[in-house]
Participant: 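Take a look at this one; I'll ask things after.
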Amino acid sequence: MLKQEAEGHACRGINTLITSTSLGPDGRPLRGLGGISMEQKIISGVQAAVKALYGLDADASQVQLQKTKAEFEGHLTVVVFPFVKVARKSPEQVGQEIGQFLLDNASDVVAKFNVVKGFLNLVISDAQWIQLLNNINADDKFGFTQATDKSPLVMIEYSSPNTNKPLHLGHVRNNLLGAALARIVEANGNKVVKTNIVNDRGIHICKSMLAWLKYGNGETPETSGKKGDHLIGDYYVAFDKHYKAECDELVKKYVAEGMGEDEAKEKAKQEAPLIKEAHEMLVKWENNDPEVRALWRKMNEWVYAGFDETYKMMGVSFDKIYYESETYLEGKEKVMEGLEKGFFYRRDDNSVWADLTAEGLDEKLLLRSDGTSVYMTQDIGTAKLRFQDFPIDKMIYVVGNEQNYHFQVLSILLDKLGFKWGKDLVHFSYGMVELPNGKMKSREGTVVDADDLMAAMINDAYTASADKLKKAEMSEEEAREVARKVGLGALKYFILKVDARKNMLFNPEESIDFNGNTGPFIQYTYARIQSILRKAAEQNIAIPAVLPANVEISVKETELIQKLNAFTTALRQAGTDYSPSGICNYCYELTKEFNQFYHDFTILGETDENKKVFRLVLAQAVAKVVSLGMGLLGIEMPSRM
């Protein structure tokens, strides 16, 4: 017989461990099984067994349940080592005695058992699996936990665009991660506020404004036929083009005058007429110059209209949007308050700093010598306004990993300034995303535009699905709508399936493959199930709300129900780890499991009516849970493909 070693079970990891007391963030038992779960019944049975057999009042947390290893018979395994000492018997004996007790007293749950070393492997009864499937089917939001008035409020910041250019591929990853994280955190029983901080001020904004004044000839989104964010992005590129030309001329002049090339380049960057004008415009903006402010408002409105279209296509939304132009002054006030309280100090040049050397960091600039703010100050100001607006318990920032140090510092500063969530803020740090042909650079106009990328994905999906769509006899409108769901689903799934902390290469061709670990593979399986259910309806096969307990089911079918039940654990884990990729992995594994089942078993062709109806209910449950999981990722599921 194969050995079932303690070490092997110990390293199976958190995904296979079934906790005895799964509670939501407000302390209530997690929703999902419509009453006492199978696991809870077993835990209670083991508690009763060790009380009756050994006189031990075991706490539920002492009962360790794991999914049984594939090489052994069983569904769930009880680790008996915690009870060996009090029983004064070998692990095998303890396993045999507890197993027999469960067989005698919980036969509605346990059909049979076997013991390998200190592991009691339980075979769950068919009736229990059917009851579990009934519970899953009865719960429209299976695995989800509903927030209550007592639930913590989690604010999640994502997107954070600049108003001088359209959203690009990096923003796509940010937005998809932030939106998915918000849904996952909410599904775990938290109140969630989705927020965005728009970087609508600064020298980069003035560059676009100045270029539009110089080279725009009054061009508008209406006259150009361009989205507002694209139009403004063009002028940001135009500024850089003319600025570089000026710098090149100045470098030649300085070198001819005997200056070294490196020194000449640095001086040219500062002395080029365009950059000087841009800085003059920024000063005017800071001083509320009416003409500059009017132009700024007009151009920003063009950009916001463009952003709204992009967000809508992406399926992303926000509950509250903050603007840097409204928060930076608040940050100054908060820094001055910290200065008065001795948290910060002023240098001889009048700049204000935070000394974080005691925390193992360095000194951080908060206000420049001329009194202007830096990004850190603005983040403090935004935090102040948010705290005034919402009773925040947890703050999550979805920002790239190049800002890791920034958020280390921000956490300490917010804590010093009295924000209760400051010390425990979460920086959801993610890596860079690239296309096979290289990195993105916005100033040079080679940015991978989010709108263009989504449009290309939808078009590619339409082309790749042409044969399938033709066979489905869809109208052109229906086919285009399916292509939209598949194209965007491919993009979202491919990006979200990768561990957020890692850099990734987005390959559009791979993402639209209908085989393998892709969104379209999962969507196609869902559509296949919907087709089966439609055919069942055409044949007047009634699918009951509750299945009878006396249906004989196979090992493969119990495995599929067990996989369905694991959605609750996968969702909890994704919420704990802030990991959308965990949901992707679960949806893929469930879909694979169903396809293996569908390959081995007929559904509509089954001659035993009870088995046929059972399999239809099972397929219906798979479709529902897959749809719930993919919905957390913001992916729509087509009913036909």
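What you see is a predicted model, and the numbers here were worked out from it, not measured in a lab.
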Participant: Could you check Gln131 against Asn135 for side chain to side chain contact (heavy atoms under 4.5 Å, CB included), going step by step and ending with a plain yes or no?
Facilitator: CA-CA 6 Å; Gln131 178 58 49; Asn135 290 340; 2.9 Å; yes
Participant: Side chains of Glu557 and Ser554: any donor to acceptor distance under 3.5 Å?
Facilitator: yes
Participant: For the CD atom of Gln47 and the CD1 atom of Ile43, what is their distance to the nearest 0.5 Å?
Facilitator: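 So the CD of Gln47 and the CD1 of Ile43 are separated by 7.5 Å.
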Participant: Glu157 and salt bridge (charged side-chain N to carboxylate O under 4.0 Å, His left out): which partner among Lys194, Lys320, Arg386, Lys394?
Facilitator: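 Filter result, single survivor: Arg386.
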Participant: Given the side-chain rings of Phe419 and Phe387, with only the six-membered ring counted for Trp, is the space between their centroids under 6.0 Å?
Facilitator: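 When the ring centroids of Phe419 and Phe387 are compared, they turn out to be within the sub-6.0 Å range.
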Participant: Give a yes or no on whether a salt bridge exists between Glu309 and Lys227, defined as a side-chain N under 4.0 angstrom from a carboxylate O.
Facilitator: no
Participant: Is it the case that the side chain of Asn134 and the backbone of Leu547 share a donor-acceptor pair, with hydrogens and angles ignored and the cut-off at 3.5 Å?
Facilitator: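 Here the side-chain-to-backbone pair exists.
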Participant: Is the closest side-chain donor-acceptor distance between Ser160 and Asn174 under 3.5 Å?
Facilitator: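 No, no side-chain donor-acceptor pair sits under 3.5 Å.
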Participant: Can you tell me how far apart CD (Gln523) and NZ (Lys485) are? Round to the nearest 0.5 Å.
Facilitator: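 Going from CD on Gln523 over to NZ on Lys485, the span is 9.0 Å.
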Participant: Hey, can you tell me if Phe144 and Phe567 have their rings parallel, tilted or perpendicular (30° and 60° cut-offs)?
Facilitator: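 Tilted: the ring planes of Phe144 and Phe567 meet at 30° to 60°.
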Participant: Count the heavy atoms of every other residue, nucleotide or ligand shown that sit under 6.0 Å from CD of Glu476, and state whether that count exceeds 12.
Facilitator: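 Above 12, so yes.
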Participant: Salt bridge or not between Lys592 and Glu589? Use side-chain N to carboxylate O under 4.0 Å.
Facilitator: yes
Participant: Can you confirm whether Glu509 is buried at CD, in the sense that more than 12 heavy atoms of other residues, nucleotides or ligands lie under 6.0 Å from that atom?
Facilitator: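 At most 12 heavy atoms, drawn from other residues, nucleotides or ligands, come within 6.0 Å of this atom.
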Participant: Take atom CE of Met474 as the centre, draw a 6.0 Å sphere, and report whether it contains more than 12 heavy atoms from other residues, nucleotides or ligands.
Facilitator: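 Correct, the count exceeds 12.
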Participant: Determine yes or no for a side-chain-to-main-chain donor-acceptor pair under 3.5 angstrom, with Arg534 supplying the side chain and Ser639 the backbone.
Facilitator: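 Flag set: sc Arg534 to bb Ser639 pair under 3.5 Å.
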Participant: Between Phe594 and Tyr598, how do the two ring planes meet: parallel, tilted or perpendicular, split at 30° and 60°?
Facilitator: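 Phe594 and Tyr598: parallel rings.
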Participant: Can you check whether Gly489's main-chain N or O pairs, donor with acceptor, with Glu636's side chain at less than 3.5 Å?
Facilitator: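 Judged by distance alone, no pair lies under 3.5 Å.
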Participant: Would you call Lys612 and Glu609 a salt bridge, using N to O less than 4.0 angstrom?
Facilitator: yes
Participant: Would the number of heavy atoms belonging to other residues, nucleotides or ligands and lying under 6.0 Å from NZ of Lys420 be above 12?
Facilitator: yes
Participant: How are the rings of Phe506 and Phe494 set to each other: parallel, tilted or perpendicular (split at 30° and 60°)?
Facilitator: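 Plane angle over 60°, so perpendicular.
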Participant: Quick one about Ser159 and Asn175 (side-chain donor to acceptor, distance below 3.5 Å, no hydrogens or angles considered), yes or no?
Facilitator: yes
Participant: Nearest 0.5 Å please: distance from the OG1 atom of Thr382 over to the CD1 atom of Ile197.
Facilitator: 4.0 Å
Participant: Report, as yes or no, whether the 6.0 Å neighbourhood of atom NZ on Lys112 holds more than 12 heavy atoms from other residues, nucleotides or ligands.
Facilitator: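 12 or below, so no.
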Participant: Within the side chain of Arg173, is there an N or O that forms a donor-acceptor pair under 3.5 Å with the backbone of Gly431?
Facilitator: yes
Participant: Answer yes or no: is there a donor N or O on one side and an acceptor on the other, between the side chain of Lys492 and the main chain of Gly634, under 3.5 Å?
Facilitator: yes
Participant: Are more than 12 heavy atoms from other residues, nucleotides or ligands located less than 6.0 Å from atom CD of Gln539?
Facilitator: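 Enclosed.
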Participant: Centroid-to-centroid, Phe72 to Phe119, below 6.0 Å?
Facilitator: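 No - the distance between ring centres of Phe72 and Phe119 does not fall below the 6.0 Å cut-off.
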Participant: Please work out whether the ring planes of Tyr397 and Trp421 are parallel, tilted or perpendicular, with thresholds of 30° and 60°.
Facilitator: tilted
